[in-house]
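Down below is the structure, laid out as structure tokens.
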Amino acid sequence: MDTQKHISSAFDQDLMILNDALQQLGDLACQQFEGAIEGLAMQNQANLDEVIKGDAALDALEAEINEKAIEVIAIRSPRAKDLRYVLVALKVATILERMGDYARNIANRTKVIMTAGNENIPGVNIGRMGKVTQEMVRDAMKSYQNRDAEMALAVWRRDIEVDHMHTAFHKEVLASMSRNPNMVGTGAHLLFIAKNIERIGDYATGIAEQVHFLVEGAMPDEDRPKADKTSKVVGT
Amino acid sequence: MDTVVDMAKAIKIQAKDVNVFYGEKQALNNVSIDIEDRSVTAFIGPSGCGKSTFLRCFNRMNDVIPSCRVEGSIMMGDVDVNSLQTDPVLLRARIGMVFQKPNPFPKTIFENVAYGPRIHGLAQSKTELDDMVEDSLKKAGLWGEVADRLADQATGLSGGQQQRLCIARAIAVGPDVLLMDEPCSALDPIATSVIEELISELQQRFTILIVTHSMQQAARVSQKTAYFHLGTLVEYGDTKDVFTLPKNEQTEAYISGKIG
């Protein structure tokens, strides 16, 4: 937060409420995502149920942030950095809520995979992908908390790692499916789960872009490196 | 190579190294600014920053303050505003002014507008004068409301109507530039909206300089904004840039409500 205070202390208070709510939503989204990945790795039903149940809290918090942001715009007429602050809060809240949706979807799909009971499920790359993506989301939120454009850029550049892992995992699952027809149902869910994680990586970069805009007043001016080639993979 | 089209507007007024003193106290420090033709330029800043003092330099209104001394140059085309050879009365016909509080003469609506053209000898006949009054009232967006009561006292009009009458009065003598010193500060929000809409229309014909304490008003009506602080021009640029990404920290603090 900026050290210089507004003449209207209520304005500072409004921005603080917005900031705290967004941090809270960020923490919840991280927990949901981590819970989903943990549930996937450990095939832990309780974890997965908790993630599915927990999504409603993110929806409610996002609605609160939207309401507060609209109130601040209507009443305080924020300008310059204050305006960016409110706009970024709105956008990041939407991103975090969508992350929560993906986490819930991962949990739902994992439960189906558990019911199918396949053995030798391909999983090495998806675990690493999950770990890197979790770090990206945490770092993106940390860059927001610290108003650190450099840290945000580092997250933004890291997305290519997830893309590479996603492509590798995609091929791994397709290979597994072609070797074992019983794996097709599970494999299809795994492909969606991997795509969800890859999307969460994209969302982390989305938060990073917003942090850069908040701090510098402009989006990063370089092209983001991308390497997700799954849309071009036709088979093994 | 593509031809680069210069979309920049022509410069109407150039102020260079303007210093203003009230006795020993310096109120403005080396202010230089280029004012674009047929655009609205807003002067903003906290009370006592010098924005009204600077506005009053453009039509020599500071002449009426005995202790006031203005240095530097203000050129409108080949007219040297500060030159002793420049007649302030004729200058004020070319650079009209609208004040904070509507100040119609205690005369009829017609006479308020006809007064300027009459003393400057701009109309050759009664018909021509009538046309001038009608034209000015139309440009000021007031004709429809007063056409059938031109002989009524101007003081009977509402505050917003009185302010538009004052704008009509300024327009009637054919100025190039309109100076507006907080023209809406005594008006309610509806009357303010009407004046702001009018400013946007007048900008097609006139160069407008406006001093305002309302930053939202500056953001709404102007294309250029100048931020003053303690007699210094801190930042001058496109309004959208000044209000979204100011270059100067002081400007940022002021527009964000951190400097009173």
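Quick note on labels: first sequence line is chain A, next is B, and so on, each numbered from 1. Excluded from the calculations below are hydrogen atoms, water molecules and symmetry mates; all remaining heavy atoms, backbone and side chain alike, are included.
- Between B:F54 and B:F43, the ring-plane angle classifies as tilted under the 30° and 60° cut-offs.
- Interatomic distance, A:N105 CG to A:R98 CZ, rounded to the nearest 0.5 Å: 9.5 Å.
- Between the side chains of B:N19 and B:N30, at least one donor N or O lies within less than 3.5 Å of an accepting N or O.
- Within the 4.5 angstrom heavy-atom criterion, only side-chain atoms of A:R84, from C-beta onward, approach chain B.
- Taking CH2 of A:W156 as the start and OG1 of A:T205 as the end, the distance is 8.5 Å to the nearest 0.5 Å.
- Among A:S77, A:A80, A:P78, the residue making the largest number of heavy-atom pairs under 4.5 Å with chain B is A:A80.
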Using distance only, find each side-chain donor-acceptor pair of residues 47-57 of chain A under 3.5 Å and give its atom names and separation, not counting sequence neighbours.
from, atom 1, to, atom 2, distance (Å)
A:D49, OD1, A:K111, NZ, 2.7
A:D55, OD2, A:R104, NH1, 2.9

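- By the 30° and 60° cut-offs, the orientation of the rings of A:H166 relative to A:H170 is perpendicular.
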Step-by-step side-chain contact (heavy atoms from CB on, under 4.5 Å) determination, A:V86 to A:I70: CA-CA 9 Å; A:V86 178; A:I70 290 166; over 6 Å; no
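- Among residues 202-225 of chain B, the residues having any heavy atom closer than 4.5 Å to a heavy atom of chain A are, in sequence order, B:M215, B:Q216.
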